[in-house]
There are 2 protein chains.
Amino acid sequence: MARATVHDLARAAGVSLATIDRVLNRRGGVRPATIEKVEQAMARLNYRRDMAAAMLAKQQEYRFVFLVPIGVNTFMRNLANEATRLSDLNAADRISIRVVEIPPFDDEKLAAILNGLDGSDTSGVAVVATENAQVRQAIDRLAERGIPVVTLVSDVPASRRAHFVGIDNSAAGRTAGSLMGRFLRGRSGRIAVLAGSMLLRDHVERHFGFERVLRTEYPDLVTLPVIEGRDNGAIVEDVLGALLDRHPDIIGLYSLGGGNRGVIAALNKRHAGGRICVIAHELTAHCREALIDGTFDAILNQDPGHEARSAMRVLRALTDGQPIDQGQERIRIDIYLRDNLP
Amino acid sequence: MARATVHDLARAAGVSLATIDRVLNRRGGVRPATIEKVEQAMARLNYRRDMAAAMLAKQQEYRFVFLVPIGVNTFMRNLANEATRLSDLNAADRISIRVVEIPPFDDEKLAAILNGLDGSDTSGVAVVATENAQVRQAIDRLAERGIPVVTLVSDVPASRRAHFVGIDNSAAGRTAGSLMGRFLRGRSGRIAVLAGSMLLRDHVERHFGFERVLRTEYPDLVTLPVIEGRDNGAIVEDVLGALLDRHPDIIGLYSLGGGNRGVIAALNKRHAGGRICVIAHELTAHCREALIDGTFDAILNQDPGHEARSAMRVLRALTDGQPIDQGQERIRIDIYLRDNLP
DNA sequence: CTGAAAGCGCTTACAG
DNA sequence: CTGAAAGCGCTTACAG
């Protein structure tokens with residue numbers, strides 16, 4: 001027997017299509033007794049709504065905005081590209097994604113951009129946010145206007161963002177610590193830690209997780225104070241180079257932010273590649289090469305394609321009031337060695 | 001301006017809706033000149049087909065069959081459960097998945113089941129296949145009948161399956177070898193390798209990759225001949241137990257198949273947990289525990305949820321003649337340490 | 001080789 | 001609080 005439609009429901013419950021729709025979509029203004037009748041019919045006929053038909057009738061359009069600090073950061077550029085690609089791929093489903101570039105490390109501008117978003121033009125926002133009072137307030141304001149916001153890559157848990165699309169960054173830090181500890185088994189010495197900025201929550205959390213594991217499980221490895229490279233290759237090369245010169249006894253490096261081209265340059269200039277165990281983040285083209293030639297030992301990665309798709313699915317679910325499949329939307333911490341490179 | 005519809009196209013090209021549809025779906029029987037006109041109109045109006053409307057009009061139903069050797073294997077049971085869950089979640093999109101249990105290690109039965117599939121009732125097949133002439137022929141026969149087949153978890157590359165949904169198993173083996181080599185840095189000794197059956201392509205490939213890395217990069221680690229446990233905890237406990245008793249100098253174990261409950265039991269009985277570096281596959285409940293309590297050092301995993309969803313998406317794309325997003329459909333080799341457990 | 005008309009299963013004003 | 005009717009953008013027999 002074919003599957004039940006709204007017409008079948010209407011007949012079975014003795015009401016009109018409009019009433020069926022009101023009950024189905026909880027629009028209210030229906031007598032409890034009528035609701036009851038309809039719900040019984042739904043159960044009896046095992047009714048399941050046809051999404052395609054609903055989409056068509058509703059003429060729903062999803063206009064999502066992705067705010068990404070593209071700048072010089074390869075990972076962010078990949079993320080932006082994936083979002084743009086998604087927009088094309090899903091045009092047939094009436095989903096469009098506008099990628100807006102935001103200046104990196106500029107909370108005020110970001111807040112201004114968020115506040116300037118046109119509600120009639122955007123049905124959801126994904127943002128690589130920084131944790132700042134103005135930014136938080138701007139997110140909350142969008143949420144109040146009924147525009148769902150998801151944070152991307154770095155979370156702002158205190159805000160009213162509906163969801164976070166990204167990895168568990170303290171788990172990533174712990175993983176880096178554990179790999180470092182195992183790869184350097186039996187040795188003791190200093191470990192350098194390079195971040196982009198300790199004003200970024202994701203960087204802080206990675207650092208926290210890393211320190212925690214080293215201190216509790218590998219006390220022979222002593223971390224130096226974090227240095228910051230602003231995710232910028234040139235700055236990274238400078239600050240890391242200076243550190244390496246100051247501490248010739250460094251045996252490990254955890255690069256938990258961007259600007260890894262600077263890491264590679266600094267290491268190569270000192271012929272230190274291979275003698276220092278390096279764990280870095282994000283499988284960009286240059287990191288990939290460094291992994292293959294042995295300069296890096298492991299890369300922790302978050303897949304920008306998955307993150308873009310996840311943000312899109314989550315925003316759509318939020319717009320439709322549908323549930324989110326947590327299993328599917330959990331972004332995993334990929335570990336890459338030379339041997340499992342894609 | 002609102003997006004163009006088939007009506008707009010028809011008006012612009014000066015033809016009827018039926019002709020538009022013929023050109024859009026390449027049904028043939030249209031004069032080249034007419035096709036040309038329509039295609040120009042499409043380009044001019046930037047026409048993009050509305051999937052929801054097409055789905056509704058076509059009354060397309062996707063009836064997929066997933067053939068899984070559920071047996072005693074926890075991973076396979078998880079895979080089957082995920083497929084069942086998908087069926088519910090996607091009922092609104094007219095996708096149904098029938099999960100059929102196949103007997104493990106029984107090529108003839110599997111071939112018979114494949115041959116017995118009712119073409120009118122199934123629009124695509126996903127199968128955890130074994131590499132056997134009869135099975136291959138059965139797959140080819142389905143492909144000839146126009147029913148797309150994807151292989152799941154273990155591939156049959158010589159067949160006419162349209163796609164493989166699973167990890168690169170020799171890369172997984174290499175990864176295990178590399179982790180083993182690094183975790184045992186500086187030590188030398190024997191490494192045990194436990195498979196389910198060397199008649200399974202995925203197991204053979206993992207073994208190959210593992211051996212390759214150990215022999216070329218870690219010559220101080222010497223692998224013993226593979227033992228087979230048929231993915232069955234009880235058998236695994238026996239054969240591995242016997243091996244451990246025979247070789248008290250084993251310092252590492254690569255468990256590349258199922259039945260890891262048997263591995264845990266054999267190690268615990270001999271108080272060998274922790275002293276032997278263990279790398280296993282699939283993050284099932286017991287493996288997870290073993291990772292946390294230190295019996296296992298790392299788990300390589302393929303996410304059954306991702307695999308089920310990927311198989312479903314690929315089968316749908318094949319049914320519709322749509323392209324496959326290779327980036328999205330690549331199944332990754334997850335590496336889990338205690339620190340990045342989900 | 002081409003077209004007119006009906007229909008897919010929903011939602012949406014609008015009227016009462 | 002409820003209903004009749006039109007419409008969303010496609011596809012599909014059927015007729016010519």
Side-chain angles (χ1 to χ4, degrees), chain A residues 1-39 41-42 45-62 90-96 319-322, chain B residues 1-39 41-42 45-62 90-96 319-322:
Chain A
M1 119 226 97
R3 62 193 256 173
T5 72
V6 279
H7 290 94
D8 301 321
L9 281 186
R11 204 174 322 114
V15 298
S16 75
L17 288 180
T19 296
I20 294 295
D21 185 67
R22 287 181 190 108
V23 176
L24 242 48
N25 294 293
R26 305 174 205 291
R27 299 192 205 284
V30 184
R31 260 213 314 244
T34 313
I35 295 183
E36 180 66 11
K37 272 194 299 183
V38 173
E39 281 175 345
M42 283 171 59
L45 302 182
N46 186 27
Y47 174 78
R48 327 225 34 174
R49 175 225 242 86
D50 183 320
M51 277 307 284
M55 289 292 295
L56 177 56
K58 258 195 294 225
Q59 289 285 82
Q60 170 88 265
E61 298 244 1
Y62 303 94
N90 292 281
D93 288 326
R94 300 180 159 266
I95 295 176
S96 78
T319 309
D320 293 345
Q322 293 288 111
Chain B
M1 121 227 96
R3 64 193 256 171
T5 71
V6 280
H7 290 94
D8 302 321
L9 282 186
R11 203 175 321 112
V15 298
S16 74
L17 289 181
T19 296
I20 295 294
D21 184 68
R22 287 182 190 106
V23 176
L24 242 50
N25 295 290
R26 305 172 207 293
R27 299 190 205 285
V30 184
R31 262 211 317 240
T34 314
I35 294 182
E36 181 65 12
K37 274 193 300 184
V38 174
E39 280 175 345
M42 282 171 59
L45 302 182
N46 187 26
Y47 173 78
R48 325 223 37 173
R49 175 224 243 87
D50 183 320
M51 277 307 283
M55 287 292 296
L56 177 57
K58 258 196 295 228
Q59 290 284 81
Q60 171 87 266
E61 297 246 0
Y62 303 94
N90 293 282
D93 288 326
R94 297 181 160 267
I95 296 175
S96 77
T319 309
D320 293 345
Q322 292 290 111

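Order of the sequence lines fixes the chain letters, A, B, ..., with proteins taken first and strands second; residue numbering starts at 1 for each chain.
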Q: Mind running side chain to side chain contact (heavy atoms under 4.5 Å, CB included) on A:R48 and A:R3 for me, showing each step along the way?
A: CA-CA 8 Å; A:R48 327 225 34 174; A:R3 62 193 256 173; 4.1 Å; yes

Q | B:G29 vs A:A4, nearer the 5' end of DNA chain C by closest nucleotide | A | B:G29

Q. If only side-chain N and O atoms of A:R49 are considered, is one of them under 4.0 Å from the OP1 or OP2 phosphate oxygen of C:dG9?
A. no

Q: Apply side chain to side chain contact (heavy atoms under 4.5 Å, CB included) to the pair A:V23 and A:V15, showing each step before the final yes or no.
A: CA-CA 11 Å; A:V23 176; A:V15 298; over 6 Å; no

Q. Of the non-hydrogen atoms in B:S16 and B:A10, which two are nearest, and what is the gap between them?
A. C-CB, 4.2 Å

Q: Can you tell me the distance, in whole Å, between the CZ atom of B:R27 and the C1' atom of C:dT2?
A: 15 Å

Q: Please determine, for the side chain of A:R31, which listed nucleotide (D:dG9, D:dC1, C:dC10) has the closest atom?
A: D:dC1

Q: Establish, with yes or no, whether the OP1 or OP2 oxygen of D:dC8 is under 4.0 angstrom from a side-chain nitrogen or oxygen of A:R94.
A: no

Q: Grab the two heavy atoms, one from A:M55 and one from A:D93, that are nearest each other, plus how far apart they are.
A: CE-O, 4.1 Å

Q: Using atom CE of A:M55 as one end and atom C1' of C:dT12 as the other, report the distance to the nearest whole Å.
A: 16 Å

Q. With a non-hydrogen cut-off below 4.0 angstrom, is A:A54 in contact with a base, only sugar-phosphate, or nothing?
A. sugar-phosphate

Q: Rounded to the nearest angstrom, tell me the gap between atom CD1 in A:I20 and atom P in D:dA5.
A: 17 Å

Q: Compare the minimum distances between each of C:dC10, C:dT11, C:dT2 and the side chain of B:T34, then state the nucleotide with the smallest one.
A: C:dT2

Q) Among D:dT11, C:dG9, C:dC10, which is the nearest nucleotide to the side chain of B:D21? A) D:dT11

Q: Establish whether the base of C:dG3 is bridged to the side chain of B:R22 by a donor-acceptor pair shorter than 3.5 Å.
A: yes

(Q) Looking at A:S16, I'd like to know whether one of its side-chain N or O atoms comes within less than 4.0 Å of OP1 or OP2 on D:dA4. (A) no

Q. Are any of A:T5's side-chain N or O atoms less than 4.0 Å away from OP1 or OP2 of C:dC8?
A. no

Q.
Looking at D:dG9, I'd like to know if its phosphate oxygens (OP1 or OP2) sit under 4.0 Å from a side-chain N or O belonging to A:Q59.
A. yes

Q) Phosphate oxygens OP1/OP2 of D:dC1: is one of them under 4.0 Å from a side-chain N or O of A:T19? A) no

Q. Taking any strand in view, what nucleotide pairs with D:dG16 in a Watson-Crick or G-U wobble way, both distances under 3.5 Å?
A. C:dC1

Q.
Using the side-chain heavy atoms of A:A18, tell me which of these nucleotides is nearest: C:dT2, D:dG3, D:dG9.
A. D:dG3

Q: When you get a sec, tell me which of D:dG7, C:dC8, D:dA4 is the closest nucleotide to the side chain of A:A57?
A: D:dG7

Q: Begin with the C-alpha distance, continue with both residues' side-chain angles, and end with the deciding distance and a verdict on side chain to side chain contact (heavy atoms under 4.5 Å, CB included) for B:I35 and B:V38.
A: CA-CA 5 Å; B:I35 294 182; B:V38 174; 5.9 Å; no

Q: Send over the distance from A:R3 CZ to C:dC10 C1', rounded to a whole Å.
A: 12 Å

Q. Hey, does B:V30 reach any base, or is it just sugar-phosphate, or nothing, if we go heavy atoms under 4.0 Å?
A. sugar-phosphate

Q | Between D:dC10 (C1') and B:M42 (CE): distance, integer Å | A | 14 Å

Q. Taking atom C1' of C:dC8 as reference, at what distance in whole Å does atom CD of B:E61 sit?
A. 12 Å

**Q.** Contact summary for B:Y47 and B:V6, nearest pair of heavy atoms
**A.** OH-CG1, 3.7 Å

**Q.** Whole angstrom value for the distance that separates P of D:dG3 from NZ of A:K37
**A.** 8 Å

Q: Whole angstrom is fine here: how far is it from CG in B:L17 over to P in D:dA13?
A: 16 Å

